[in-house]
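Each residue takes its place number in the sequence, starting with 1. A quick note: this is a predicted structure, and the numbers were derived from the prediction, not measured.
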Amino acid sequence: MRLSTIQGNKAARAGAVIFWIAVWAVAAAAIGEELFLPSPLSVCRSLMEALPEASFWSSVLFTLSRILAGFLVSAAAACCTAALSYRLPIFSLLMEPLVQIIRATPVASIVILVLVWVRSSSLSVVISFLMVFPIIYTNLLEGLGKTDRDLLEAAAAYRMKAIRKIRYVYIPSVQPFMDSAIRTSLGLAWKSGIAAEVIGLPDGSIGERLYEAKIYLDTPELFAWTAAVIALAFAFEHLFLLLSRLAAKAAVS
């Protein structure tokens, strides 16, 4: 892809963001009541006021550590189980109803059930794990299932060792599916993890700060925390995509 095309895409995306911010500003001005819809400037001001506070960063660190822990553990578990399901059809058959149940159960129901078994401080770890697992598992299993059969036959004919087969056959096949899984699951991990915190209200979490902003009708602060969560989700999605691609590239080099 040419540099001019990449720059054009970036400019178009930036223009789309600016357009929607302008729509937001016009809507806020038309309503004229920050309780219902604060202006972008008001939200930005609220966020800038929160940034120097230690409590802001402690809440971010609290939630960030738990959501990323849930995501990473879930990704590791999904990779292992997808590999087993690919090799053992009976294991895949056993996993299918479990994955379907987790995927179909509403987040609120899972949160309430999990609260019976774990402390609220660990709630977002468990919820992130459960929401991420079906997405990564099904994507990886599909990627493994679509591995080029000709390459597998060639690897078998040349008696390629298992580790080399993984590096040069399976990883390139799975990589696009892993990228898709990361994009979908990491955003869902943040959404479900924050929702779990709003319900469980663990001390010092972003969910607690969102709930307090709602209780005190501080809509600009509510929007500011939401913007912070969006920024974190966006940053870590791109970070994990980059790490995944670098790891895949290193494996086949």
Are the side chains of [X] and [Y] in touch, meaning some heavy atoms are under 4.5 Å apart?
| X | Y | answer |
| --- | --- | --- |
| T63 | W190 | yes |
| Q100 | P97 | no |
| S120 | L201 | no |
| R183 | E237 | yes |
| R66 | S128 | no |
| L47 | V43 | no |
| F236 | L64 | yes |
| S39 | E34 | yes |

Nearest 0.5 Å, what's the [atom1]-[atom2] distance between [X] and [Y]?
| X | Y | atom1 | atom2 | value |
| --- | --- | --- | --- | --- |
| L141 | F177 | CG | CZ | 10.5 Å |
| C79 | L144 | SG | CG | 9.0 Å |
| S85 | E96 | OG | CD | 9.5 Å |
| T184 | D179 | OG1 | CG | 10.5 Å |
| L84 | L94 | CG | CG | 11.5 Å |
| I127 | E197 | CD1 | CD | 11.0 Å |

Next item on the list: Run through the side-chain heavy atoms of Ile, Leu, Val, Met, Phe, Trp and Tyr, join any pair under 4.5 Å, and report what else lands in L246's cluster.
Entry: L242

Notebook entry, point to check: Which ILVMFWY residues can you reach from V17 by hopping between side chains whose heavy atoms are under 4.5 Å apart?
Noted result: I21

Note to self: Which residue in the set L151, D148, V174 passes side chain to side chain contact (heavy atoms under 4.5 Å, CB included) when paired with V169?
What the structure shows: L151

Linking I/L/V/M/F/W/Y whenever any side-chain heavy atoms sit under 4.5 Å apart, do [X] and [Y] land together?
| X | Y | answer |
| --- | --- | --- |
| F129 | W117 | yes |
| V114 | L98 | yes |
| L115 | I67 | yes |
| V111 | V73 | yes |
| I110 | I199 | yes |

Item checked: Intermediate values then yes/no, side chain to side chain contact (heavy atoms under 4.5 Å, CB included), D203 and F62 -> CA-CA 9 Å; D203 292 337; F62 180 97; over 6 Å; no

Considering all heavy atoms of both residues, which atom of [X] and which atom of [Y] are nearest to each other, and what is their separation?
| X | Y | answer |
| --- | --- | --- |
| L123 | A196 | CD2-O, 3.2 Å |
| L140 | A82 | CB-CB, 3.9 Å |
| N139 | A181 | CB-CB, 3.8 Å |
| A78 | I136 | CB-CG2, 3.6 Å |
| I102 | P134 | CG2-CG, 3.6 Å |
| K165 | L152 | CD-CD2, 4.3 Å |

Check: Residues two or more places apart in sequence or in another chain: which of them pass side-chain contact (heavy atoms from CB on, under 4.5 Å) with E221?
Finding: S46, R209, A213, D218, W225

Check: Is the count of non-hydrogen atoms from other residues, nucleotides or ligands lying under 6.0 Å from F234 atom CZ greater than 12?
Finding: no

Please check if the side chain of [X] supplies one atom and the backbone of [Y] the other of a donor-acceptor pair under 3.5 Å.
| X | Y | value |
| --- | --- | --- |
| S244 | F240 | no |
| Q175 | I171 | no |
| S58 | S55 | yes |

Margin query: Applying ring pair (Phe, Tyr, Trp, His ring centres under 6.0 Å), can you list everything that pairs with Y86, at least two apart in sequence or on another chain?
Written below: Y170

Note to self: Quick one about T138 and R103 (side-chain donor to acceptor, distance below 3.5 Å, no hydrogens or angles considered), yes or no?
What the structure shows: yes

Next item on the list: Mind checking side chain to side chain donor-acceptor pair (under 3.5 Å) for E142 and listing every partner two or more places apart, or none if nothing turns up?
Entry: K146

Note to self: T147: which residues meet the side chain to side chain donor-acceptor pair (under 3.5 Å) condition with it, sequence neighbours left out?
What the structure shows: S173

